[in-house]
Amino acid sequence: MRHLIGFFLIGVCWQAAYGHSDSIKVYIFLGEECVISQYYTLPLKTLHEEYENKGIDFVGLFPSPGSDTASRQSFQNKYQLPFELQKDTAQAWMHHFGVRVTPEVVVVEESSGKILYQGRIDDTYFQVGRRRPVTRNHELSDALQAISMGKEVPVDRTEAVGCIITRVGEKPAIHSH
């Protein structure tokens with residue numbers, strides 16, 4: 001019952017906040033303490049600047065139970081993110097999309113609620129703490145480019161590599177995924 005109420009509230013919030021439109025929303029799950037989230041702030045800024053005037057909106061969501069207004073503001077100030085950052089209160093969005101790590105992105109067509117892409121930003125990180133010297137695949141960028149051109153997203157799902165999100169009521173995880 002609790003999950004049904006949560007999904008109902010997500011739907012109500014979605015309608016109130018975003019209404020019906022053909023715009024695209026990029027939900028970016030971030031963690032203030034996650035080094036991988038910190039690393040991706042520059043590519044996310046670049047993508048935001050490229051697509052902000054093309055009907056594609058970005059919002060950063062912080063699902064960690066320890067996230068608060070001060071830590072999000074500090075993160076935004078430090079990394080100069082030009083899009084809105086919000087607490088994922090009660091981890092409603094995280095559960096709705098099945099997100100487990102930060103960073104992970106979910107690209108949604110607002111009018112239908114259809115997920116067009118979900119997963120990693122690119123393949124720079126292939127394991128926690130392990131980066132490629134050269135990034136081979138840029139899935140989020142490729143998805144946004146296809147969407148902006150009215151084409152099918154080439155890859156609609158990838159596995160995100162990042163810091164495990166502590167669920168509300170759990171002790172913080174020591175390891176990462």
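FYI, the numbering just counts along the sequence from 1.
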**Message:** Checking V99 against W93 for the side chain to side chain contact (heavy atoms under 4.5 Å, CB included) test, could you report, in this order, the C-alpha distance in whole Å, the side-chain angles of both residues, the deciding distance, and whether it holds?
**Reply:** CA-CA 8 Å; V99 170; W93 290 109; over 6 Å; no
**Asked** Do the ring planes of F97 and F29 sit parallel (below 30°), tilted (30 to 60°) or perpendicular (above 60°)?
**Response** perpendicular
**Item:** Whether F75 and F62 hold their rings parallel, tilted or perpendicular, with breakpoints at 30° and 60°
**Value:**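 Ring orientation, 0 to 90° scale: perpendicular.
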**Request:** Check the pair L47, F58 against side chain to side chain contact (heavy atoms under 4.5 Å, CB included), reporting the backbone distance first and the verdict last.
**Result:** CA-CA 9 Å; L47 287 171; F58 287 59; 4.0 Å; yes
Interatomic spacing from [atom1] in [X] to [atom2] in [Y] - rounded to 0.5 Å:
{"X": "T69", "Y": "L85", "atom1": "OG1", "atom2": "CG", "answer": "11.0 Å"}
{"X": "T102", "Y": "E33", "atom1": "OG1", "atom2": "CD", "answer": "10.5 Å"}
{"X": "I147", "Y": "Y117", "atom1": "CD1", "atom2": "OH", "answer": "11.0 Å"}
{"X": "C34", "Y": "I164", "atom1": "SG", "atom2": "CD1", "answer": "10.5 Å"}
{"X": "I36", "Y": "Q127", "atom1": "CD1", "atom2": "CD", "answer": "10.0 Å"}
{"X": "I24", "Y": "K114", "atom1": "CD1", "atom2": "NZ", "answer": "10.0 Å"}

Check the surroundings of atom [atom1] in [X]: do more than 12 heavy atoms from other residues, nucleotides or ligands lie under 6.0 Å from it?
{"X": "K54", "atom1": "NZ", "answer": "yes"}
{"X": "E152", "atom1": "CD", "answer": "no"}
{"X": "E52", "atom1": "CD", "answer": "yes"}
{"X": "R130", "atom1": "CZ", "answer": "no"}

**Ion pair check, R72 and E84, cut-off under 4.0 Å** = no
**Asked** For D68 and S71, what are the C-alpha separation, side-chain angles and deciding distance, and is it a side chain to side chain donor-acceptor pair (under 3.5 Å)?
**Response** CA-CA 5 Å; D68 59 24; S71 65; 3.1 Å; yes
Short question: side chain of [X], backbone of [Y] - any donor-acceptor pair under 3.5 Å?
{"X": "N137", "Y": "D123", "result": "no"}
{"X": "D142", "Y": "A146", "result": "no"}
{"X": "T158", "Y": "R120", "result": "yes"}
{"X": "K87", "Y": "S64", "result": "yes"}
{"X": "S37", "Y": "G31", "result": "yes"}

Is there side-chain contact between [X] and [Y], with heavy atoms separated by less than 4.5 Å?
{"X": "E50", "Y": "Q145", "value": "no"}
{"X": "P103", "Y": "I121", "value": "yes"}
{"X": "Q91", "Y": "P65", "value": "yes"}
{"X": "L81", "Y": "K45", "value": "yes"}
{"X": "V59", "Y": "D57", "value": "no"}
{"X": "F126", "Y": "V161", "value": "no"}
{"X": "S74", "Y": "E32", "value": "no"}
{"X": "Y40", "Y": "L30", "value": "no"}

**Stepwise side chain to side chain contact (heavy atoms under 4.5 Å, CB included) test for R100 and E159** = CA-CA 10 Å; R100 297 181 318 120; E159 189 69 31; 3.5 Å; yes
**Message:** Testing I28, V155, L44, D122 one by one against L140 for a side chain to side chain contact (heavy atoms under 4.5 Å, CB included), which residue passes?
**Reply:**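 Among I28, V155, L44, D122, the one meeting side chain to side chain contact (heavy atoms under 4.5 Å, CB included) with L140 is L44.
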**Item:** F83 to G60 - nearest heavy-atom pair and separation
**Value:**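 Between these two residues, the closest heavy atoms are CD1-N, 3.8 Å.
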**Asked** Where do C163 and V35 come nearest, in terms of heavy atoms and distance?
**Response** SG-N, 4.4 Å
**Asked** Going through the distances and angles, do H95 and R167 end up as a side chain to side chain contact (heavy atoms under 4.5 Å, CB included)?
**Response** CA-CA 10 Å; H95 290 299; R167 293 181 179 270; 2.5 Å; yes
